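The structure appears right after this line, and notes come after that.
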Amino acid sequence: MTTTRFAPSPTGYLHIGGLRTALFSWLWAKKNSGEFLLRIEDTDLSRNSDEALSAILQAFEWVGMGYDGDAIYQSKRFDIYQKYVDQLLAEGKAYRCYMSKEELTTLRETQMAKGERTRYDGRYRDFKGTPPQGVEPVIRIKAPTEGNLIFNDGVKGEICIASSEVDDFVIARSGGVPTYNFVVAIDDALMGLSDVIRGDDHLYNTPKQMVVYEALGFKMPNFYHVAMINNEQGKKLSKRDGATDVMEYKTLGYLPEALLNFLVRLGWSHGDQEIFSIEEMISLFDPNNINKSSSNYNLDKLLWLNAHYIKNMPHDKLATLLSEYGVDIGSHKQLDLILNATKERGKTMVELANQINIILNTPTTYDAKGFKKAFKGEATTILNDFSTLLKEEEASLESPADYHAIIQKIVEQKSIGFGKIGMPLRVSLLGKMTGSGLDEIMMILGVDETINRIEKAIAFKKQQI
RNA sequence: GACCCUUUCAUCUAGUGGCCAAGGAUAUUGCGUUUUCAUCGCAAAGACAAAGGUUCAAAUCCUUUAGGGGUCGCCA
């Protein structure tokens with residue numbers, strides 16, 4: 001049975017790096033018909049917030065990654081942890097340390113000055129005397145004093161860290177509240193995890209957790225430490241590099257399938273394949289193929305993927321999603337035509353919504369440069385004649401091709417180039433020189449609105465003179 | 001500073017000793033399609049961090065150097 005987990009601490013929004021490790025864990029569980037569990041690491045009572053928690057859950061919902069069973073809250077499991085603290089104390093595998101914070105600081109400064117890796121010196125490890133007054137002790141676990149702590153990482157291979165680098169770390173604070181490395185090991189074991197996929201930044205926590213597994217006699221899961229995502233310059237990803245909050249991608253108009261596709265290809269690949277449906281990701285993903293090195297965040301690729309998913313999305317679904325971006329065309333009788341005319345012009349949902357609005361809303365202003373260029377010479381006359389022709393043929397206009405025929409007719413009648421009518425017509429309809437195909441636009445708008453826009457543009461032209 | 005991890009085109013990556021004078025994708029540039037823009041198609045340019053080994057043969061194995069990242073809490 002494959003069991004994986006995601007274990008966020010509710011202190012902020014869900015970061016895209018976190019989403020990637022969650023995705024890897026989720027895919028691996030799904031692939032093996034196992035379980036993907038959610039655990040909330042809220043042992044630091046002062047830093048938790050309900051808003052952060054709901055933001056994280058909301059992000060999971062948006063990308064469509066569900067978790068199995070109920071979320072586990074560490075803050076509700078203190079009695080379990082306490083039991084294990086007592087057990088270790090009774091077995092002599094942990095001990096009370098009465099060192100004051102001042103003493104600890106002094107020790108660290110001395111070590112730092114000597115150029116050593118700072119660590120607790122074990123002075124209370126075998127303490128048998130009378131404890132000093134006025135110090136509420138912490139509980140420390142006895143870590144091995146010699147040899148190496150070795151584990152096999154599914155991504156990096158064998159990791160060997162000298163025991164001298166791992167000190168007798170605190171497992172319970174002076175107030176009795178247990179600490180991260182202790183509760184993580186206990187919960188991972190108790191939750192029956194087979195595979196732990198987490199960020200590289202936890203690599204050095206693993207030997208510590210090994211000490212806990214060893215002391216408690218728990219079986220270790222497989223660990224996979226995934227390297228970080230950096231910005232395009234290879235530096236740590238910060239808010240200045242663009243969106244780091246998963247939900248911000250929704251606001252910016254990205255589709256969850258594009259974001260997941262983008263993230264799954266960051267550090268993982270399957271030959272030359274770039275596009276992965278969720279089903280393909282599930283069937284192909286294997287954490288043993290995750291790259292060792294960190295990867296850089298690259299917005300261009302995400303944008304390309306997003307455009308791809310927009311272009312290939314069924315129209316009814318696209319229309320439903322568009323309502324979240326302020327465009328309501330679900331019941332428009334030209335829905336298919338509208339989307340066909342615009343979906344190749346929007347790389348994000350925001351851009352797509354904008355493209356649609358440009359067609360659906362009568363222009364209130366005109367691009368100055370484009371208007372000037374388009375309305376040179378005979379443009380007004382040509383448009384007037386075109387309007388008349390439209391009105392005459394109104395009854396027979398049932399498809400974009402019919403509208404195209406009308407334009408063609410004008411072009412032939414007047415022996416002009418297509419641009420002579422195309423340019424002023426486009427500016428009249430859209431307010432600018434670029435955009436969707438004229439035939440489609442007119443079909444969407446219908447004869448009356450098309451003529452209305454032409455007349456408005458002509459009026460604007462007259463006003464200028 | 002110490003310890004650990006890492007290093008293929010600008011970016012994501014393929015590559016597990018001979019199939020590699022290194023393949024794909026994005027971005028870039030050019031050409032074509034298109035009434036415009038976009039899409040699409042075709043093409044170009046573009047990398048094994050450096051130096052030493054091992055080997056008949058190295059992007060692939062080893063060593064050193066350099067760059068990048070992570071960690072050194074009674075945070076998680």
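Owing to the predicted nature of the structure, the values given are computational and were not obtained by experimental measurement. Protein chains get the first letters and strands the later ones, always in sequence-line order, with residue 1 at the start of each.
Taking atom C1' on both B/G30 and B/G18, the two are 37 Å apart, rounded to the nearest angstrom. Annotation: B/U16 and B/G23 have their P atoms spaced 15 Å apart (nearest Å). B/G53 and B/C19 have their C1' atoms separated by 26 Å, with the value rounded to a whole Å. Of the C1' atoms belonging to B/A22 and B/A59, the separation is 8 Å, rounded to the nearest Å. Only the P atoms considered, B/U11 is 14 Å distant from B/G69, to the nearest whole Å. Separation of the C1' atoms belonging to B/G17 and B/U55 is 9 Å when rounded to the nearest angstrom. Nucleotides B/A25 and B/U63 are separated by 36 Å at their P atoms, to the nearest Å. Between B/G15 and B/U7, the two C1' atoms lie 15 Å apart (nearest whole Å).
For A/F24 and A/F285, the distance between ring centers is under 6.0 angstrom.
At B/C74, none of the side-chain N or O atoms of A/T179 fall inside 4.0 Å of OP1 or OP2 (strictly under the cut-off). For A/R108, a side-chain nitrogen or oxygen approaches OP1 or OP2 of B/G73 to under 4.0 Å. Phosphate proximity of B/C72 to A/K208: absent, as no side-chain N or O sits under 4.0 Å from OP1 or OP2. OP1 or OP2 of B/U13 sits under 4.0 Å from a side-chain N or O of A/S295. Taking 4.0 angstrom as the limit, A/K235 places a side-chain polar atom (N or O) nearer than this to OP1 or OP2 of B/G69. An OP1 or OP2 oxygen of B/C12 is reached within less than 4.0 angstrom by a side-chain nitrogen or oxygen of A/N296. For the pair A/N291 and B/A14, the criterion of a side-chain N or O lying under 4.0 Å from OP1 or OP2 is met. Close to B/U39, at under 4.0 Å from its OP1 or OP2, lies a side-chain N or O of A/K347.
Residue-level contact check: A/K236 touches the backbone only, with heavy atoms under 4.0 Å from sugar-phosphate atoms and none from bases. A/K114 comes within contact range of no nucleotide atom at all, as no heavy-atom separation falls under 4.0 Å. Looking at heavy-atom distances under 4.0 Å, A/G175 makes no contact with the nucleic acid at all. Using a 4.0 Å heavy-atom distance criterion, A/G435 is classed as a base contact. Contact annotation for A/V170: backbone-only contact, meaning every heavy-atom pair under 4.0 Å involves sugar-phosphate atoms and none involves a base. When heavy atoms are screened at a 4.0 angstrom cut-off, A/E274 is found touching base atoms of the nucleic acid. As judged by a 4.0 angstrom heavy-atom cut-off over every strand, A/T43 is placed among residues touching the sugar-phosphate backbone only.
Side-chain contact annotation: A/T244 with A/Y13, donor-acceptor N/O pair under 3.5 Å present.
When both distances must be under 3.5 Å, the Watson-Crick or G-U wobble mate of B/G52 is B/C62. Under the Watson-Crick or G-U wobble criterion, with both distances below 3.5 Å, B/C19 has no partner in any strand shown. In this structure, B/A76 makes no Watson-Crick or G-U wobble pair, since no nucleotide meets both defining distances under 3.5 angstrom. The partner of B/C9 is absent, by the rule that a Watson-Crick or G-U pair needs both atom distances under 3.5 Å. Partner assigned to B/G41 is B/C31, using Watson-Crick or G-U wobble distances below 3.5 angstrom. Base pairing annotation: B/A2 forms a Watson-Crick or G-U wobble pair with B/U71, both donor-acceptor distances under 3.5 Å.
Taking atom CG of A/D439 as the reference point, atom P of B/U36 lies 12 Å away to the nearest angstrom. Distance A/L302 CG to B/A27 P: 12 Å, rounded to the nearest Å. Taking atom OH of A/Y120 as the reference point, atom C1' of B/C72 lies 17 Å away to the nearest angstrom. The CG-C1' distance, from A/L203 to B/A76, rounds to 16 Å in whole Å. Straight-line distance from the CG atom of A/L107 to the P atom of B/C74: 11 Å, rounded to whole Å. Atom NZ in A/K156 sits about 9 Å away from atom P in B/C5, given to the nearest Å. What separates CZ of A/R265 from P of B/U13 is a distance of 7 Å, to the nearest Å. A straight line from CE of A/M433 to P of B/A38 spans 14 Å, rounded to a whole angstrom.
Relative orientation of the A/F223 and A/F151 rings is perpendicular, given thresholds of 30° and 60° on the angle between their planes.
Looking at the side chain of A/R426, the nearest of the listed nucleotides B/U11, B/U36, B/C37 is B/U36. Comparing B/U6, B/A25, B/A76 against the side chain of A/W304 picks out B/A25 as the nearest. Relative to the side chain of A/L438, the nucleotides B/U35, B/C72, B/C74 differ in distance, and B/U35 lies closest. Closest contact between the side chain of A/S293 and the listed nucleotides B/U7, B/A27, B/C37 involves B/U7. Checking B/A76, B/U26, B/U11 against the side-chain heavy atoms of A/R47 singles out B/A76 as nearest. Taking only side-chain atoms of A/I159, from C-beta outward, the nucleotide of B/A14, B/A76, B/C5 with the closest atom is B/C5.
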Handout entry: A/F60 and A/F6: CA distance, side-chain angles, deciding distance, ring pair (Phe, Tyr, Trp, His ring centres under 6.0 Å) verdict
Key = CA-CA 11 Å; A/F60 265 83; A/F6 184 60; 5.5 Å; yes
Exercise for the section: Apply the test side-chain hydrogen bond (donor to acceptor under 3.5 Å, both in side chains) to residues A/N298 and A/E232: give CA-CA distance (whole Å), side-chain angles for both, the deciding distance (0.1 Å), then the verdict. Expected result: CA-CA 6 Å; A/N298 175 235; A/E232 195 144 2; 3.1 Å; yes
Exercise for the section: Assess whether ring pair (Phe, Tyr, Trp, His ring centres under 6.0 Å) is satisfied between A/F386 and A/Y403, documenting all intermediate values. Expected result: CA-CA 11 Å; A/F386 180 68; A/Y403 280 92; 8.3 Å; no
Handout entry: Evaluation steps, side-chain hydrogen bond (donor to acceptor under 3.5 Å, both in side chains), between A/Y81 and A/D187
Key = CA-CA 9 Å; A/Y81 311 134; A/D187 283 337; 2.5 Å; yes
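The base of B/C74 sits within donor-acceptor range of the side chain of A/S174, with an N or O pair under 3.5 Å. For A/N205 against B/A76, a side-chain N or O and a base N or O form a donor-acceptor pair under 3.5 Å. The base of B/G24 does not come close enough to the side chain of A/Q273 for any donor and acceptor atom to sit less than 3.5 Å apart. One donor-acceptor pair, N or O on each side, does fall under 3.5 Å between the base of B/A25 and the side chain of A/K301. The base of B/G23 sits with one of its N or O atoms less than 3.5 Å from a complementary donor or acceptor on the side chain of A/D272.
Between A/L27 and A/V264 the shortest heavy-atom distance is CD1-CG2, 3.8 Å.
Where A/S9 and A/E165 each meet RNA chain B at their nearest nucleotide, the meeting point lying more 5' is that of A/E165. Closest-nucleotide positions on RNA chain B for A/F262 and A/S100 were compared, and the one nearer the 5' end corresponds to A/F262.
With a 6.0 Å cutoff to the six-membered ring centre and a 45° limit on the axis angle, A/R140 does not count as a cation-pi contact of A/Y124. Geometrically, A/K461 does not engage A/F375 in a cation-pi contact defined by less than 6.0 Å to the ring centre and at most 45° from the axis.
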